[in-house]
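Scroll down for the structure; my scribbles are underneath it.
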Amino acid sequence: MKAVQYRAVGEAPEVVTVPDPEPGPGQVLLKVTAAGVCHSDIAVMSWPADQIPFPLPLTLGHEGVGTVAALGDGVHGLSAGDSVAVYGPWGCGICVNCAEGKENYCLRAKELGIMPPGLGAPGAMAEYMIVDDPRHLVPIGDLDPVKTVSLTDAGLTPYHAIKRSLPKLVPGATAVVIGTGGLGHVAIQLLRAMTAARVIALDVTEEKLDLARAVGAHEAVLSDEKAAARVMELTGGLGAHVVLDFVGAPPTVETAGAVARVDGDVTIVGIGGGALPVGFGTLPYGTSVSAPYWGSRKELAEVLDLAHAGAVDVHVETYSIDEAPLAYERLHDGKVNGRAVILPNG
Ligand code: NAD
Ligand code: ZN
Ligand code: ZN
């Protein structure tokens, strides 16, 4: 089968032919319908060899939707042809966090060498993929796989970040979304669906800000050195109750800290290498700063329920598997508006 692989440190991803996988006991084989292209892959492909926590080559793709093609021995409860979304942050399934469905915060994954598909285990950017356990699958019924696939990360990650801050997102509150790309444009929709907060979006091009407005941002502000002052103006000098930074680079975390309100939440989701100093006097009193990772199994089910209710619409541009390297290039160059999705069997 064809697969999109990151094969050697510093090289561009390549489309190669690899053996067709077969499901072992307890595993599920999916025929992949759609695989999302996440900016984290670009970050991973920029890491030096000593920082890459898995062996290469790696089949990319940590957002996947497929149809059940075969069940390994002992697997019940799924049928051939079922359309399913893959929950990516695989954990041990046994520790106290996994027992709550919070496999993204598994206490033993690292020790046991358990890694997400596309970020260690072979991922979704291939004609077929192996899922290690049926508990990592959520049936999506009649949802459009192409529109749904990115909800497994670009939906789930912002959902998890927003849910932690829901008590602060009361009517009259302000939420700032920095970076309105794959994750950010879904975050705006989730904020609108889950809260009555006012949403201020920041990005670097008018095209991205147009998408932010189209998906529900009340205000859209160019992310430059004047952005923090503009957000303070828009919030009557008080700042935002919740700031979600989907870039996480030094200038954006600085903006995030500068627009936080007293007792606000600053949530750094982007992995752009920025850090925000926390200590008495560095931020408004009571401000919390956190850097969450992905989301829980239950939260994925909740995000998919929002999709069934018609509350989220991921803006996608689609590519064949042979065009996957081009999709990564366009994402790297900031040219993807919304999410790029690969159709490995399309
Ligand atoms: P993306 O490229 O689709 O979106 C990033 C957006 O940020 C783009 O619209 C870009 O124009 C904008 N941007 C760039 N510089 C900016 C600036 N200075 N100010 C404002 N906006 C700016 O990327 P994505 O796939 O949505 O991922 C976003 C980030 O989240 C990445 O760093 C990714 O690695 C990270 N991520 C983290 C988690 C997690 O669990 N913490 C999960 C998924 C992705
Ligand atoms: Zn991702
Ligand atoms: Zn665990």
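As the structure lists them, so they are numbered: ligands from 1, and atoms in each ligand from 1.
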Next item on the list: Evaluate the salt bridge (charged side-chain N to carboxylate O under 4.0 Å, His left out) criterion for residues E317 and R330: first the C-alpha distance (whole Å), next the side-chain angles of each, then the deciding distance (0.1 Å), finally the verdict.
Entry: CA-CA 11 Å; E317 44 186 69; R330 282 178 47 81; 3.1 Å; yes
Margin query: Evaluate R7 against E11 for salt bridge (charged side-chain N to carboxylate O under 4.0 Å, His left out), listing each step before the verdict.
Written below: CA-CA 7 Å; R7 296 185 59 79; E11 285 182 12; over 6 Å; no
Check: In order of chain and number, which residues sit within 4.0 Å of ligand 1 by heavy atom?
Finding: C38, H39, S40, D153, T157, I178, G179, T180, G181, G182, L183, L202, D203, V204, K208, S223, F246, V247, T252, V269, G270, I271, P292, Y293, W294, L331, R339
Note to self: Taking the ring of H160 and the ring of Y105, is the distance between their centroids below 6.0 Å?
What the structure shows: yes
Note to self: Is a donor from one side chain sitting under 3.5 angstrom from an acceptor on the other, for D265 and H241?
What the structure shows: no
Item checked: Lys/Arg N to Asp/Glu carboxylate O, E103 vs R135, below 4.0 Å -> yes
Next item on the list: Begin from the C-alpha positions of E329 and K335 and carry the test salt bridge (charged side-chain N to carboxylate O under 4.0 Å, His left out) through to its verdict.
Entry: CA-CA 9 Å; E329 253 176 61; K335 289 185 184 151; over 6 Å; no
Notebook entry, point to check: For the residue pair Y285 and F280, does the interplanar ring angle fall in the parallel (under 30°), tilted (30 to 60°) or perpendicular (over 60°) class?
Noted result: tilted
Check: If the Zn ion (ligand 3) is the vertex, what is the angle to SG of C98 and SG of C95, rounded to 10 degrees?
Finding: 110°
Check: From H39, does some N, O or S atom reach closer than 2.8 Å to the Zn ion (ligand 2)?
Finding: no
Check: Looking at D153, which of its N, O or S atoms is the nearest one to the Zn ion (ligand 2)?
Finding: OD2
